[in-house]
There are 2 protein chains.
Amino acid sequence: MRKGLLTGLFAAVLMTGTGHAADKDPNEASIEYRQAVLTVTYANFVPLAAMAKDRIDFDAEAVELRANRVRMMSTMIEEAFRRDTRGSGYETRALEPIWENYEDFTEKARNLTRAAAALGASASEGEDAFKKAFARTGGACKGCHDEYRSD
Amino acid sequence: MRKGLLTGLFAAVLMTGTGHAADKDPNEASIEYRQAVLTVTYANFVPLAAMAKDRIDFDAEAVELRANRVRMMSTMIEEAFRRDTRGSGYETRALEPIWENYEDFTEKARNLTRAAAALGASASEGEDAFKKAFARTGGACKGCHDEYRSD
């Protein structure tokens, strides 16, 4: 839906950049962005995992906050990986099939968006609903990592 | 408002972590998180700057999308910097006054949240309103960087 918009903006701007980014190799800038997106996603997933594993108490407000962040971050994945960095020489965990099967990759990102939205909605339904929704969210992460991220 | 919640979660979980994070020094994990938050913020700010400088066409939909992301990311700054990493040995651009004046630092983060919200709202008011709101948002970034980030 926003693909045209984002492609245009990214092609025109982000990968050229301003300020510090102007001096940066476009592959490096793109890799930094996508890694940052996933670092923020992961950091907000961790407290959810801790609740799901009973390492900390269930907290509906925290579930809503964290799940909403995971959902929002997941909507950045498509643009963050749009630049094909194969052969750029940077060592990353992103696997080449991302750009061979880009539609499938982005569909998996949308799976995460949907799962995280359901996870946020589960907060008001109590701990059991949260745990089920959390398992589906973790499955959405894994579904992508299995194919598209190296161990 | 959410401070108690986030402090508790972060103290208990994020800085201990699960998976990869479990093997990570808590200072390093915290620094990675805050740098990722600001990398994502910056990447979404860049297209806004390009529009404000007439390097690309004004696009109300893009302004809303990017400004909303900047606003949302800005709400993570407080927790991302909560861990005092002074003396940790990691070289970062974060300056010590952050933790000497933490209340002022977090107030400056809230200034960015407010400015980015106004920036998003400006999208429907046209290009002049956007440019004024953009200048205030850039000012909110600079207001914090001047004191709390090294060049």
Side-chain angles (χ1 to χ4, degrees), chain A residues 1-2 4-6 8-22 29-53 55-57 59-66 68-69 71-73 75-76 79-80 93 138 141 145 151, chain B residues 1-2 4-6 8-22 24 29-53 55-57 59-66 68-69 71-73 75-76 79-80 93 138 141 151:
Chain A
M1 181 182 63
R2 293 178 184 273
L5 166 69
L6 296 177
L9 275 174
F10 263 61
V13 181
L14 183 63
M15 301 318 167
T16 311
T18 62
H20 291 286
S30 180
I31 291 167
E32 278 188 5
Y33 180 49
R34 73 195 192 203
Q35 290 183 340
V37 165
L38 289 163
T39 295
V40 174
T41 306
Y42 179 73
N44 282 282
F45 186 79
V46 165
L48 295 164
M51 271 186 252
K53 292 171 187 168
R55 291 180 49 206
I56 58 173
D57 288 343
D59 177 326
E61 191 184 359
V63 170
E64 272 192 56
L65 175 72
R66 302 289 174 189
N68 186 46
R69 288 182 179 174
R71 181 194 59 71
M72 209 281 231
M73 299 310 299
T75 67
M76 300 188 200
E79 67 170 20
R93 299 175 74 190
C141 297
H145 291 166
D151 291 331
Chain B
M1 180 182 64
R2 293 180 184 275
L5 167 69
L6 296 177
L9 276 174
F10 264 62
V13 181
L14 183 62
M15 301 319 167
T16 311
T18 62
H20 292 285
K24 193 164 277 182
S30 179
I31 290 167
E32 278 188 5
Y33 179 49
R34 72 194 192 203
Q35 290 183 341
V37 165
L38 289 163
T39 294
V40 174
T41 306
Y42 179 72
N44 282 283
F45 186 79
V46 165
L48 296 164
M51 271 186 252
K53 291 171 187 170
R55 291 179 50 206
I56 58 173
D57 289 343
D59 177 326
E61 193 184 357
V63 170
E64 273 191 55
L65 176 71
R66 302 291 174 188
N68 187 46
R69 287 181 178 174
R71 181 194 58 72
M72 209 280 235
M73 300 310 299
T75 66
M76 300 187 200
E79 68 171 18
R93 298 175 76 191
C141 296
D151 292 328

> Hey, does A:N44 have a side-chain heavy atom less than 4.5 Å from the side chain of B:Y33?
yes
> Under the criterion side-chain contact (heavy atoms from CB on, under 4.5 Å), I'd like the reasoning laid out for A:V40 against B:M73: C-alpha separation, chi angles, the key distance, then a yes or no.
CA-CA 9 Å; A:V40 174; B:M73 300 310 299; 4.1 Å; yes
> What pairs of residues pass the salt bridge (Lys or Arg N to Asp or Glu O under 4.0 Å) test when at least one of them lies in residues 40-52 of chain A, not counting sequence neighbours?
none
> Between B:T75 and A:R69, does the side-chain contact (heavy atoms from CB on, under 4.5 Å) criterion hold? Intermediate values first, please.
CA-CA 10 Å; B:T75 66; A:R69 288 182 179 174; 4.1 Å; yes
> Among residues two or more places apart or on two chains, list those pairs meeting salt bridge (Lys or Arg N to Asp or Glu O under 4.0 Å) that have a residue in residues 32-43 of chain A.
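Non-adjacent pairs meeting salt bridge (Lys or Arg N to Asp or Glu O under 4.0 Å): A:K24-A:E32.
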